[in-house]
Amino acid sequence: MRARRREDTPDIRVVHDPERNASLYVTGELPHRLVRWFERHLLECEDCWQEVWLARRGRLIAEHARELPPARLRDAVRGAVQLEASSAPTSERRAWFRRRPT
Ligand SMILES: [Zn+2]
């Protein structure tokens with residue numbers, strides 16, 4: 001993984017880019033002070049919540065994959081994960097945060 005220079009990264013509190021912010025969070029590239037801010041934000045923001053969910057699922061799938069699956073399969077998996085993420089009520093999200101590995 002290529003190292004990202006911190007000064008190249010816009011402040012996630014100012015620039016709302018759910019995909020980028022979730023990626024920084026899941027890969028551990030956010031500064032510690034922003035991790036706590038982002039976790040509070042996740043409880044209220046549907047877009048960021050879904051992107052973190054997708055990024056974590058994507059990493060899990062990638063870790064188990066030996067070959068890149070066909071594009072149609074990737075789209076089907078992404079769609080299924082999005083559907084699951086969007087149907088999780090807020091109470092389940094909070095429970096997920098409490099039990100997630102750190
Ligand atoms: Zn957000």
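In each ligand, atom 1 is the first atom listed, and ligand 1 is the first ligand listed.
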Please lay out, stage by stage, how Arg59 and Arg56 fare under the test side chain to side chain contact (heavy atoms under 4.5 Å, CB included). CA-CA 5 Å; Arg59 282 177 64 106; Arg56 287 202 163 139; 5.8 Å; no
List the atom of Glu51, the atom of Pro18, and the distance in Å for their closest heavy-atom pair. CB-O, 3.6 Å
Show all protein N/O/S atoms under 2.8 Å from the Zn ion (ligand 1), or state that there are none. His16 NE2, His41 NE2, Cys45 SG, Cys48 SG
Apply the test side chain to side chain contact (heavy atoms under 4.5 Å, CB included) to residues Phe38 and Leu24: give CA-CA distance (whole Å), side-chain angles for both, the deciding distance (0.1 Å), then the verdict. CA-CA 10 Å; Phe38 190 65; Leu24 292 170; over 6 Å; no
CG (Asn21) and CZ (Arg13) are apart, to the nearest 0.5 Å, by 11.5 Å
Scanning both residues in full, the closest heavy-atom pair of Ala22 with Cys48 reads CB-O, 4.4 Å
Give the ring-plane orientation class for Trp53 versus Trp49, where under 30° counts as parallel, over 60° as perpendicular and anything between as tilted. tilted
